Amino acid sequence: MTLEKLQSEMIAAMKEKNKPRKDTISSLIGAIKKIAIDKKCKDNITEELVNEVILKEKKTVQEMIDTCPKERTELLQEYTDRLNVINEFAPKLVTDKDEIKRMIISSLPDASEIEINKSNKGIIMKHVMPVMKGKADMKIVNEVLGELIK
């Protein structure tokens, strides 16, 4: 997802007078611009940065839904609608354990350099994180890595 695509979607939502959608997309754009300024790349916002922020916002909204009291139905509905809009723009993450296992093994520099065992889990994660972040669900990656080092 690119920032320009998000901006055009926000304009379309404004023309449709769809305030909840416009507000959600606007908050995504604001979060992206804030992170870009923090990382000193506001003139060169990459697709990876946009996807990273979208996934972070998705996680935040999901936590809001999970912690919202069930009797607050109107608030719960608002959060759910917000999550649905964010899901439209969020990158699809790999959740297949076999595929994640292949990605972990292929991300390691050389099998002879790093032995896959419990004492090397931190070193393995150091190589895996940059490759997998934003492409796979990191909870599943950690789970698969745990199975690999048994």
Side-chain angles (χ1 to χ4, degrees), residues 1-10 12-13 20-70 72 75-150:
M1 181 59 52
T2 63
L3 183 61
E4 292 76 23
K5 173 93 169 101
L6 275 175
Q7 289 171 330
S8 67
E9 286 290 329
M10 186 177 76
R21 182 176 172 81
K22 187 220 61 123
D23 290 345
T24 300
I25 298 171
S26 177
S27 71
L28 282 175
I29 292 170
I32 291 165
K33 287 182 177 181
K34 182 186 180 310
I35 297 294
I37 290 170
D38 292 347
K39 291 188 175 187
K40 296 177 177 38
C41 63
K42 70 176 187 167
D43 296 328
N44 185 24
I45 298 175
T46 63
E47 198 167 323
E48 289 80 26
L49 179 70
V50 172
N51 288 335
E52 178 184 324
V53 173
I54 290 172
L55 288 172
K56 183 178 177 191
E57 290 293 313
K58 178 181 175 181
K59 183 178 179 184
T60 302
V61 173
Q62 185 61 55
E63 288 172 359
M64 291 164 62
I65 291 171
D66 294 343
T67 59
C68 184
K70 298 296 179 208
R72 299 286 312 268
L75 193 58
L76 200 54
Q77 184 60 47
E78 179 184 327
Y79 292 158
T80 305
D81 293 344
R82 185 177 174 92
L83 183 63
N84 290 337
V85 172
I86 292 172
N87 279 333
E88 288 180 38
F89 305 110
K92 303 297 178 232
L93 299 178
V94 176
T95 56
D96 179 50
K97 288 186 176 187
D98 292 331
E99 179 63 26
I100 289 174
K101 188 176 184 178
R102 281 191 289 278
M103 290 171 76
I104 289 172
I105 292 170
S106 69
S107 69
L108 297 176
D110 188 359
S112 62
E113 284 182 34
I114 300 174
E115 186 179 331
I116 298 178
N117 60 36
K118 286 184 180 178
S119 63
N120 290 338
K121 186 174 182 181
I123 296 169
I124 294 169
M125 283 302 281
K126 190 175 175 182
H127 289 283
V128 169
M129 282 293 287
V131 175
M132 305 288 276
K133 195 170 187 178
K135 295 180 182 145
D137 186 336
M138 292 311 289
K139 287 181 184 176
I140 298 174
V141 170
N142 196 26
E143 186 180 310
V144 169
L145 186 56
E147 292 170 6
L148 275 174
I149 62 175
K150 281 187 179 178

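Quick caveat: nothing in here was measured; it's all calculated off a predicted structure.
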Pair K139-E143, salt bridge (charged side-chain N to carboxylate O under 4.0 Å, His left out): steps then yes or no = CA-CA 6 Å; K139 287 181 184 176; E143 186 180 310; over 6 Å; no

Heavy-atom neighbours of K92 NZ exceed 12 at 6.0 Å | yes

Among H127, M132, M125, whose side chain to side chain contact (heavy atoms under 4.5 Å, CB included) with I104 holds?
-> M132

Would T2 and I45 count as a side chain to side chain contact (heavy atoms under 4.5 Å, CB included) if you check the C-alpha gap in whole Å, the side-chain angles of each, and the deciding distance to 0.1 Å?
-> CA-CA 8 Å; T2 63; I45 298 175; over 6 Å; no

Do the side chain of E57 and the main chain of L28 share a donor and acceptor less than 3.5 angstrom apart?
-> no

Determine the minimum heavy-atom distance between [X] and [Y], stating which atoms define it.
| X | Y | value |
| --- | --- | --- |
| C41 | L49 | SG-CD2, 3.9 Å |
| Y79 | V61 | O-CG1, 3.5 Å |
| M1 | N51 | N-OD1, 3.4 Å |

Considering residues at least two apart in sequence or located in another chain, which fulfil the side chain to side chain donor-acceptor pair (under 3.5 Å) criterion with [X]?
| X | value |
| --- | --- |
| D137 | none |
| T80 | none |
| N84 | none |
| K39 | E52 |

Salt bridge (charged side-chain N to carboxylate O under 4.0 Å, His left out) partners of [X], counting only residues at least two apart:
| X | result |
| --- | --- |
| E48 | none |
| R82 | none |
| E147 | K97 |
| D98 | none |

If you round to the nearest 0.5 Å, how far is [atom2] of [Y] from [atom1] of [X]?
| X | Y | atom1 | atom2 | value |
| --- | --- | --- | --- | --- |
| E47 | E4 | CD | CD | 9.5 Å |
| I86 | D81 | CD1 | CG | 11.0 Å |
| L3 | K5 | CG | NZ | 12.5 Å |
| S27 | I32 | OG | CD1 | 9.5 Å |
| K101 | I140 | NZ | CD1 | 15.0 Å |

With sequence neighbours left out, write down each residue that passes side-chain contact (heavy atoms from CB on, under 4.5 Å) with [X], or none if nothing qualifies.
| X | value |
| --- | --- |
| K22 | M10, A13, M14 |
| Q62 | I65, D66, L83 |
| P130 | none |
| V94 | E99, I100, M103, A136 |

Does the pair R21 and E88 meet the rule for a salt bridge (charged side-chain N to carboxylate O under 4.0 Å, His left out), with working shown?
-> CA-CA 11 Å; R21 182 176 172 81; E88 288 180 38; 2.9 Å; yes

Heavy-atom side-chain contact between F89 and V50 under 4.5 Å | no

